[in-house]
Each structure stands twice: as structure tokens, then as C-alpha cells.
Amino acid sequence: MTVRVAALGGSLLRPEVEDRQAWLRSLSESVIEINSRGIRLVLVVGGGAPAREGIELAKPLIGDDVEALDRIGIAATRLNARIVSEALEGAGIQVPNKIPESIENALSLAATNSVVVMGGTVPGHTTDNVAITMACNLEAERCIIATNVSHVHSADPRTNENAVRFEHLTHDELREIVGPPVHSSAGGSGVVDPIGADHARTAGLSLAVLDGRYMERLHACLCGESFEGTTIEG
Ligand code: UTP
């Protein structure tokens, strides 16, 4: 049984509501098509705007307690996971009613369900690392990181017009870009969580980074076909 695992960045659900509704509808169509091919899915949803808002609101009250801010971020990932889960259910897809809160719970649901939707687990990393952990445990061929940039770049393309984009990278090259595996603050990490990148490197797990706003790119990658984005392997 083939299983594919994707981290869906929380930015994919916000902020333009009508676009996001269309995105959720096309995600449901993609899931139906993929399941009909006998492929199972684990979708790990990020916190996006509610995580950022919650963390910013609480930061002056909490100070530097990163774990406390992480817990707020995790709550936002679970809110977004619930939105995705209910949208899939509304499209007639059977999704476990429970949003699993640990890797163990998610693995046991993945053993018997065609689709599992979850958010974060514990403080200290982001949902990229949750998806990578699931992909390793399920022996998936790679982990998909669906975000809101087209490729991994040498610098943030939104602020640096000279940023170079990469189709292929090794894990060592990715580490040069994202930095060492440290979780220094809650919310707002780079294109790939450095802790997740390090985990994938140690496990020898390939990563596919793509712009998930374009459902055709995400769908192609979930189907195991060639896709527009960055492949990290080796
Ligand atoms: P995200 O996974 O959304 O991370 O979790 P992100 O990189 O900040 O945002 P995206 O991917 O661009 O949307 C939001 C925050 O929640 C906490 C972290 O503080 C993270 O930055 N979190 C999330 C955890 O502590 N553990 C988890 O398992 C997931």
C-alpha cells in the first residue's frame, strides 16, 4: 500500500477567503482521485495566520517562554487541520473524526484510514518536522512540503530579487540554506524547518518542496509524477 505524506503550510488556508475555499475544494478533488488510485494520504496542516496572530498577541505577556508560544502555534495548526478535515468530510471523503495529537495516534489512524489529517504534536519544531517524522515511520518514498514559494531559493525571493531558485539540492546544500537544527523561536520559520531538514538528512528521506497554492503541482507530486518545485535528495 502506497502512502504519501504532505505538510500543507498554514498560509495555504489564508488570507483570501474565496481563493482558499476554491483551494479546499480542489484539495478534496485531488484527495478523491489519489485515494481512487489506492494511495493513502497523511496531510499535516500548518498554523498560518492564526498561529502568527496568537503568538504575536501573547508574546508581550509571556516573554521568552518559547514552549508556551509553541503551544499556541500548535493549537492554531489543529484549528487549521480541523478546517481541512471538515472540508474533506463535506466533500464525501471519510476522514477520522479525531485530529491525532501525537505521532503514535496518527500512525495508528494511518493504518486503517485512506486519509489522516493532523496538525502539530509537541513544542520544539514545526509541522514540517511532524510530516517528515510521519513519512519516516510510514516508509514513504519522500515527504512533500507544500508552501507558498515555488522552489527553495538561495534567499527569501519575496525580499531578495537576486535569490536563485533550485530544482535539485542535496541535504547538505539545504542545510546551508536553512541553517543548523535549532528551534529558537515560535512561529515564522523559513521555507523548510531546519529541524525537519536535519531529520530528513539523517534518515535519508527525500523532500519535495513546491508551491501548494497551485493544486496541479501538489496533485502531481502526491500522485508520484514529476512536479514543479525543488527535490532534495542525496
Ligand atoms: P507551523 O508548522 O505552521 O510552522 O507551526 P511555521 O513554519 O511557523 O509556519 P508555516 O509552515 O509557514 O505555516 C506554527 C508554530 O507552532 C509551533 C511552532 O512554534 C511553529 O512555529 N509548533 C507547530 C510546535 O511547536 N510543534 C508542532 O508540532 C507544530
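In each ligand, atom 1 is the first atom listed, and ligand 1 is the first ligand listed. Values below: every heavy atom of this structure, side chains too, minus hydrogens, waters and symmetry copies.
- From the protein, the heavy atom lying nearest to atom 11 (O) of ligand 1 is Gly9 CA, 4.2 Å.
- Ranking the protein heavy atoms by distance from atom 24 (C) of ligand 1 puts His125 O, 2.9 Å first.
- In the vicinity of Thr77, heavy-atom distances shorter than 4.0 Å reach the ligand 1 atoms 5 (O).
- In summary, the atoms of ligand 1 found under 4.0 Å from a heavy atom of Pro123, numbered by their order in the structure, are 25 (O).
- Close approach to Gly124 involves these atoms of ligand 1, each under 4.0 Å from a residue heavy atom: 25 (O).
- With hydrogens left out, the protein atom closest to atom 29 (C) of ligand 1 is Gly120 CA, 3.6 Å, a heavy atom.
- Of the polar atoms of Ile55, none of the N or O atoms is found under 3.5 Å from an N or O of ligand 1, judged by distance alone.
- In the displayed structure, Arg25 atom CZ is contacted under 6.0 Å by at most 12 heavy atoms of other residues, nucleotides or ligands.
- Interface of Gly46 with ligand 1, defined as ligand atoms under 4.0 Å from a residue heavy atom, comprises 3 (O).
- Comment: Arg175 does not engage Asp172 in a salt bridge, judged by the lack of any side-chain N to carboxylate O separation of less than 4.0 angstrom.
- Close to ligand 1: Val122, with a non-hydrogen atom less than 4.0 angstrom away.
- Looking at Ser185 next to ligand 1, no N or O pair under 3.5 Å apart turns up.
- For OH of Tyr214, the number of neighbouring non-hydrogen atoms (other residues, nucleotides, ligands) closer than 6.0 Å is 12 at most.
- Interface atoms of ligand 1 facing Gly48, defined by a heavy-atom separation under 4.0 Å, are 3 (O), 13 (O).
- The closest donor-acceptor contact from the side chain of Arg78 to the backbone of Thr121 lies under 3.5 Å.
- Heavy atoms from other residues, nucleotides or ligands lying under 6.0 Å from CD of Glu216 number more than 12.
- Within the 4.0 Å heavy-atom criterion, the part of Val130 lying near ligand 1 is the side chain and not the backbone.
- Near Gly47, meaning under 4.0 Å from any of its heavy atoms, are these atoms of ligand 1: 1 (P), 3 (O).
- Counted within 6.0 Å of CD on Glu225, heavy atoms from surrounding residues, nucleotides or ligands total more than 12; the atom is thus considered enclosed.
- Residue, atom and distance of the protein heavy atom nearest to atom 13 (O) of ligand 1 are Gly10 N, 3.1 Å.
- Looking only at atom types and distance, the side chain of His125 has no donor-acceptor partner in the side chain of Asp193 under 3.5 Å away.
- When side chains are defined from C-beta on, His199 does not count as touching Ile195, because their heavy atoms never get closer than 4.5 Å.
- A 4.5 Å side-chain heavy-atom check between His153 and Val191 finds every atom pair outside the cut-off.
- The closest protein non-hydrogen atom to atom 14 (C) of ligand 1 is Ala51 CB, 4.1 Å.
- Proximity of Arg158 to Asn148: side-chain heavy atoms (C-beta onward) are separated by under 4.5 Å at one or more points.
- Atom 17 (C) of ligand 1 has Asp70 O, 3.6 Å as its closest protein atom, hydrogens excluded (heavy atom only).
- Checked by atom type, the side-chain pair Asp70/His183 shows a donor-acceptor distance below 3.5 Å.
- Residue Leu41 is not grouped with residue Ile145 when hydrophobic side chains (ILVMFWY) are merged at heavy-atom distances under 4.5 angstrom, including chains of intermediate members.
- Near Ala186, meaning under 4.0 Å from one of its heavy atoms, ligand 1 places the atoms 19 (O), 21 (O).
- The protein heavy-atom contact nearest to atom 15 (C) of ligand 1 is Gly73 CA, 3.9 Å.
- At distances below 3.5 Å, at least one donor-acceptor pair connects side-chain atoms of Ser26 with backbone N or O atoms of Ala22.
- For atom 19 (O) of ligand 1, a protein non-hydrogen atom is found at a distance below 4.0 Å.
- For atom 28 (O) of ligand 1, the nearest non-hydrogen atom from the set Leu12, Leu13, Thr121, Val44 belongs to Thr121.
- Taking atom 6 (P) of ligand 1 as the reference point, the nearest protein heavy-atom neighbour is Ser189 OG, 3.9 Å.
- In the hydrophobic clustering of ILVMFWY residues, with side-chain heavy atoms under 4.5 Å counting as a link, Ile144 and Leu13 come out together.
- Residue Gly190 places no N or O, backbone or side chain, under 3.5 Å from any N or O of ligand 1.
- Under 4.0 Å from ligand 1, not a single heavy atom of Arg71 appears.
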